[in-house]
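Structure first, then comments.
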There are 2 protein chains.
Amino acid sequence: MVLDADIPSVTGVLRYVPLFAGLTTEQLHSVAGLAEARRLKAKQSFLRQGSSADVIYVVLGGQIRVSEITSDGHEIIYRFIGPGQMIGGMAAVGGMTYPINAQAVRESSLLAWRTDAIQRLMRQHPEIALNAMRLMVQRIEELQRRCLELATEQVRQRVAHTILRLIGQHGRRVARGVLLDLRLSRQDLAKMAGTTLYTASRLLNIWKRRKIIAFDTGRILILRPHELVRLADGPTPEEVPPASNDLAAPV
Amino acid sequence: MVLDADIPSVTGVLRYVPLFAGLTTEQLHSVAGLAEARRLKAKQSFLRQGSSADVIYVVLGGQIRVSEITSDGHEIIYRFIGPGQMIGGMAAVGGMTYPINAQAVRESSLLAWRTDAIQRLMRQHPEIALNAMRLMVQRIEELQRRCLELATEQVRQRVAHTILRLIGQHGRRVARGVLLDLRLSRQDLAKMAGTTLYTASRLLNIWKRRKIIAFDTGRILILRPHELVRLADGPTPEEVPPASNDLAAPV
DNA sequence: CGCGCCTTTGAATTTAATCAATTAGTGTGG
DNA sequence: CCACACTAATTGATTAAATTCAAAGGCGCG
């Protein structure tokens, strides 16, 4: 119930959290006053589908993996969440259950508000409710885009789109291109794109051979993002010319 | 700008609209006072993806088809909307563009509120904002379920799930089963389930032969909903026994 | 009655999943 | 620091699923 950091410093962090955008310092203080801190170990899962949605979280540091599992064991990963982002927004309206699982990928720290606290805050500061709605609209749009992709595109395009989306959310510009700073297994990527581990691996290696991407200690480095956009958009197969002289230096 | 029906009667209708649930009669009056009526002819499209989201609608009567079209011409149908339901919720937060197209399937009548009006109402009656969030959460959950289906299920299951979802939203209990009271072409169904017209047609006819469904003047009659649930859930192919004596009476 | 649209069905083709086997990479403890 | 164990990734071969293409059939509507 008690915050393990002092309220002013938490306030400073909240200033850059979209859910609390537009609030004054005073208002942020009152928000911070109701927060509870939570620290998670790697692989620790803290939000389970079906359990009652009574806490809303904001990620301060680390990385969270949001997924859903079907009754027959299939899993889909919806997204990876990083600092500043909200999770468990459905707790803002009472009486719901979480529709997703959330698990820390690496050690992470969060702030948490109980349903009653966040509802009190929304009543006091309607700006928060509007922000929450804005975020929900964004989620709806993202989910619709994914439905569209899953329904109309082939796997190649979906995997490309998935990587592009991840770049947008977690990419870091580096010398040789854009680094996707996530520890993302082929299996994870497959579960985001709605395909299999094998197909994802094959595609990535084709693109590696074409020098569109490179692998760097398990992370993906996008050398030519524009090419990836082409792959994502167009129905242009164009296989790599039969693996010519491939004596290239290791990336 | 002016309502073509009198405010009290509109108030009576709004009483059963989820977006305005929990409001007093007085409050409903003030909501009705800001409404504009709109009437649509069949096939008329009134909300286009990309245009600025400045009006929120509630359907009074008729049927609306909500879809999105990709740059390369593929279309996905998200849902069909009937009386009492809201559309264009993203207009409740300013500065967005609609992510979807909406078109009247048959002649329909709507109520409309401009962004400024609905925001004023939400400020006056925070209950509306909470209701809107509740509806958005529902949409998020529905979209997630569809992503999950599209990503992990085979076409047979997706088509079955699509029909089941439509039953839940538009089904009417009749003597022989549940009637899906929509004029829904094979193409429409395919565009909802993320498959092709041909595959959808094949599946429906297999199920017709198995007496799980029947066709009634273009509409679908579900004779054995439970069977459809089995098809949707389980990976149980079980083809129809080689079309034995099929001298059955026409459905 | 005939025209257009939607639907059904067959056959060929393509795509991606599945299965199987190997290889690479990562971390751990001796 | 190296050997070992374990997990993740690659790749080939096969199979299954669904799309695509093609053609015929049915139904409603003017």
Side-chain angles (χ1 to χ4, degrees), chain A residues 42-43 72-76 105-106 149-160 162 182-210 213-220 231 235-240 242-243 246 250-251, chain B residues 42-43 72-76 105 149-160 162 182-191 193-210 213-220 231 235-240 242-243 246 250-251:
Chain A
K43 310 224 166 161
D72 59 323
H74 280 109
E75 185 181 32
I76 180 175
V105 175
R106 51 176 94 135
E149 290 173 11
L150 286 165
T152 68
E153 295 180 351
Q154 25 203 101
V155 170
R156 171 174 44 80
Q157 300 176 274
R158 299 207 303 267
V159 172
T162 302
L182 292 173
R183 201 160 267 278
L184 184 78
S185 70
R186 303 289 182 267
Q187 183 63 267
D188 284 345
L189 188 59
K191 283 176 176 175
M192 295 194 83
T195 180
T196 62
L197 152 62
Y198 309 104
T199 302
S201 175
R202 273 182 244 272
L203 286 169
L204 289 185
N205 281 288
I206 291 172
W207 297 341
K208 186 178 92 170
R209 263 169 250 139
R210 289 210 231 166
I213 63 173
F215 304 143
D216 175 50
T217 336
R219 295 172 305 180
I220 299 177
L231 285 165
T236 353
E238 286 175 39
E239 206 48 40
V240 63
D246 223 0
V251 284
Chain B
K43 310 224 166 162
D72 59 321
H74 279 109
E75 185 180 33
I76 180 175
V105 175
E149 289 173 12
L150 286 165
T152 67
E153 295 180 352
Q154 25 203 101
V155 170
R156 171 174 44 80
Q157 299 175 274
R158 299 208 302 267
V159 173
T162 301
L182 293 173
R183 200 160 266 277
L184 184 77
S185 71
R186 303 290 181 266
Q187 183 63 266
D188 284 345
L189 189 60
K191 282 177 177 176
T195 181
T196 61
L197 151 64
Y198 309 104
T199 303
S201 175
R202 271 181 246 271
L203 286 170
L204 289 185
N205 281 289
I206 290 172
W207 298 341
K208 186 178 92 171
R209 261 169 252 138
R210 288 210 232 165
I213 63 174
F215 304 144
D216 174 51
T217 337
R219 295 171 306 179
I220 299 177
L231 285 165
T236 353
E238 286 174 40
E239 207 47 41
V240 62
D246 221 1
V251 283

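Fair warning: this is a prediction, and the values are worked out from it, not measured in the lab. Just so you know, these numbers use all the heavy atoms, side chains as well, and skip hydrogens, waters and symmetry mates. Per chain, numbering begins at 1; letters A, B, ... match sequence-line order.
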**Prompt:** Rounded to whole angstrom units, what separation is found between the CD atom of E153(A) and the P atom of dA18(D)?
**Reply:** 19 Å
**Request:** Specify the separation, in whole Å, of atom NZ of K208(B) and atom P of dT7(C).
**Result:** 12 Å
**Request:** Working to the nearest 0.5 Å, report the span between OG1 of T162(A) and CG of D188(A).
**Result:** 12.0 Å
**Prompt:** Rounded to the nearest 0.5 Å, how far apart are OG1 of T152(A) and CZ of R158(A)?
**Reply:** 9.0 Å
**Proximity to the side chain of T217(A) - top-ranked nucleotide from dT7(C), dT26(C), dT15(C)** = dT26(C)
**Message:** The criterion is side chain to side chain donor-acceptor pair (under 3.5 Å); which residues satisfy it with R106(A), sequence neighbours excluded?
**Reply:** Q63(A)
**L204(B) vs L189(B) side-chain heavy atoms within contact, under 4.5 Å** = yes
**Prompt:** Between atom NZ in K191(A) and atom P in dA9(D), what is the gap in whole Å?
**Reply:** 12 Å
**Prompt:** What residues form a side-chain contact (heavy atoms from CB on, under 4.5 Å) with R202(B), not counting sequence neighbours?
**Reply:** Y198(B)
**Item:** Atom-to-atom span, CG of L189(A) to C1' of dA9(D) - whole angstrom
**Value:** 13 Å
**Asked** Can you name the residues that form a side-chain contact (heavy atoms from CB on, under 4.5 Å) with Q157(A), not counting sequence neighbours?
**Response** E153(A), Q154(A)
**Request:** Using atom CD of Q157(A) as one end and atom C1' of dT15(C) as the other, report the distance to the nearest whole Å.
**Result:** 13 Å
**Complete:** Here the distance between atom C1' of dT7(C) and atom CD1 of I220(B), to the nearest Å, is 13 Å
**Spacing of R219(B) atom CZ relative to dT7(C) atom C1', expressed in whole Å** = 18 Å
**Spatial distance of atom OG (S201(B)) from atom NZ (K208(B)) [nearest 0.5 Å]** = 9.5 Å
**Request:** For T199(A), check side-chain contact (heavy atoms from CB on, under 4.5 Å) against everything at least two apart and list the hits.
**Result:** V155(A), T195(A), T196(A), L203(A)
**Request:** Nearest whole angstrom, please: distance from the P of dT11(D) to the CD1 of I206(A).
**Result:** 10 Å
**Asked** Toward the 5' end of DNA chain C, which comes first, Q154(A) or R183(A), by nearest nucleotide?
**Response** Q154(A)
**Item:** Atom CZ of R183(B) with >12 non-hydrogen neighbours under 6.0 angstrom
**Value:** no
**Near-strand residues of residues 195-205 of chain A, defined as heavy-atom separation under 4.0 angstrom from DNA chain D** = Y198(A), S201(A), R202(A), N205(A)
**Request:** Ignoring backbone atoms, test whether R209(B) places a side-chain nitrogen or oxygen under 4.0 Å from the OP1 or OP2 oxygen of dT9(C).
**Result:** yes
**Request:** Quantify the bending of the helix from dC1(C)-dG30(D) to dG30(C)-dC1(D) as the angle between its end axes, each fitted on five pairs, to 10°.
**Result:** 40°
**Fill in**
5'-most contact on DNA chain C (nearest-nucleotide basis), R158(A) vs S185(B), goes to S185(B)
